Amino acid sequence: GAGVSQTPSNKVTEKGKYVELRCDPISGHTALYWYRQSLGQGPEFLIYFQGTGAADDSGLPNDRFFAVRPEGSVSTLKIQRTERGDSAVYLCASRPAATRTHEQYFGPGTRLTVT
Amino acid sequence: QKEVEQNSGPLSVPEGAIASLNCTYSDRGSQSFFWYRQYSGKSPELIMFIYSNGDKEDGRFTAQLNKASQYVSLLIRDSQPSDSATYLCAVNPSGGYNKLIFGAGTRLAVHP
């Protein structure tokens, strides 16, 4: 079946602008995660959705970052007043509803460059 | 101390050899452990997971977990040049299944 999809694959924006990154999880996966990966580092957790609600947003770096998942499927990560330090690959992952081992499956990512 | 630690490498092994990748974690209550492979410019791909002490084998891959030592490893037998990638260790911390904590990854280079 189809995997996690993310759009756009690349986004270049100017400092101070607003961006939206979209994630479409694997069909039937109720859990959705956003991570951010900088060069040479592992992915860093941002936020976790179970269904429509954000169950854990402890990884969001500040209030410029916000994410929604209004219908429990597609999610949008929103970044206001972008800064050069926001440049990274933003990864989305999803997980089935009931697995003992809680493995997550990643999408291809969106590479964000803030100039 | 980082929550999940890995040697950055590169780990260089000849084709056909066994590659051994290691990872330590700090949260003693961690519950599940994962190995992801990441090719340059690509997203992480799940290759193994383990949650019980001992060994788990899947084809050429074996994951080993020792919770007492807070240590997890990945062995790749009969290494191939196509195995050359960064291998990320990830851990479900205690307190729930809401996130994975990743190490920085070990770069593996398999040379012919």
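In this text the structure is predicted, and so the values were computed from the model without any measurement. Lettering follows sequence order; numbering is per chain, from 1.
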Q: Are B/Met48 and B/Ile101 connected into the same hydrophobic cluster when the rule is that any two of I, L, V, M, F, W, Y join if their side-chain heavy atoms are below 4.5 Å apart?
A: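 They do share one cluster, since a chain of ILVMFWY contacts under 4.5 Å joins B/Ile101 to B/Met48.
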Q: Do B/Val110 and B/Ile47 share a hydrophobic cluster (ILVMFWY, side-chain heavy atoms under 4.5 Å, transitive)?
A: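 In one cluster: yes.
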Q: For the side chain to side chain contact (heavy atoms under 4.5 Å, CB included) test, which of A/Tyr33, A/Phe45, A/Tyr35 pairs with B/Leu100?
A: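 With B/Leu100 as partner, A/Tyr33, A/Phe45, A/Tyr35 yield a single side chain to side chain contact (heavy atoms under 4.5 Å, CB included), made by A/Tyr35.
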Q: Does a side-chain heavy-atom distance below 4.5 Å link B/Lys99 with A/Ser58?
A: yes
Q: Above 12 or not: heavy atoms from other molecules or residues under 6.0 Å from CZ of A/Arg36?
A: yes
Q: First locate atom OH of B/Tyr36, then atom CD of A/Gln104, and finally report the distance between them rounded to the nearest 0.5 Å.
A: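 Separation between the atoms: 5.5 Å.
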Q: Is it possible for you to say whether B/Leu108 and B/Phe61 belong to one hydrophobic cluster, with membership spreading through side-chain heavy-atom contacts below 4.5 Å?
A: yes
Q: At what distance, to the nearest 0.5 angstrom, does CD of A/Gln37 lie from OG of B/Ser43?
A: 9.0 Å
Q: Any link between A/Leu77 and A/Tyr105 through a network of hydrophobic side chains (Ile, Leu, Val, Met, Phe, Trp, Tyr) touching at under 4.5 Å?
A: no
Q: Are side-chain heavy atoms of B/Glu45 and A/Phe106 found at a separation under 4.5 Å?
A: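 Not touching, per the 4.5 Å side-chain cut-off.
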Q: Under 4.5 Å, counting heavy-atom pairs only, tell me which of A/Gly40, A/Gly42, A/Pro43, A/Pro108 racks up the most with chain B.
A: A/Pro43
Q: Which atoms of B/Gln6 come close to chain A, meaning under 4.5 Å heavy atom to heavy atom: side chain ones, backbone ones, both, or neither?
A: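 It is neither, since no heavy atom gets under 4.5 Å.
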Q: Which one of B/Pro44, B/Cys89, B/Gly41 has the most heavy-atom pairs closer than 4.5 Å to chain A?
A: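 Of the candidates given, the most pairs with chain A belong to B/Pro44.
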Q: Look at the side-chain heavy atoms of Ile, Leu, Val, Met, Phe, Trp and Tyr, link any pair under 4.5 Å apart, and say whether B/Val13 and B/Leu75 land in one connected group.
A: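 No, B/Val13 does not connect to B/Leu75 through the hydrophobic network.
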Q: Drop me the distance from A/Gln41's CD to B/Thr86's OG1, to the nearest 0.5 angstrom.
A: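 A/Gln41 atom CD to B/Thr86 atom OG1 measures 11.5 Å (nearest 0.5 Å).
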Q: Inspect the surroundings of CG in B/Asn7 and state if more than 12 heavy atoms from other residues, nucleotides or ligands are less than 6.0 Å away.
A: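 Not more than 12 within 6.0 Å, no.
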Q: Would you give the length of the straight line joining atom CZ of B/Phe102 to atom CD of A/Glu44, rounded to the nearest 0.5 angstrom?
A: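 These two atoms lie 11.5 Å from each other.
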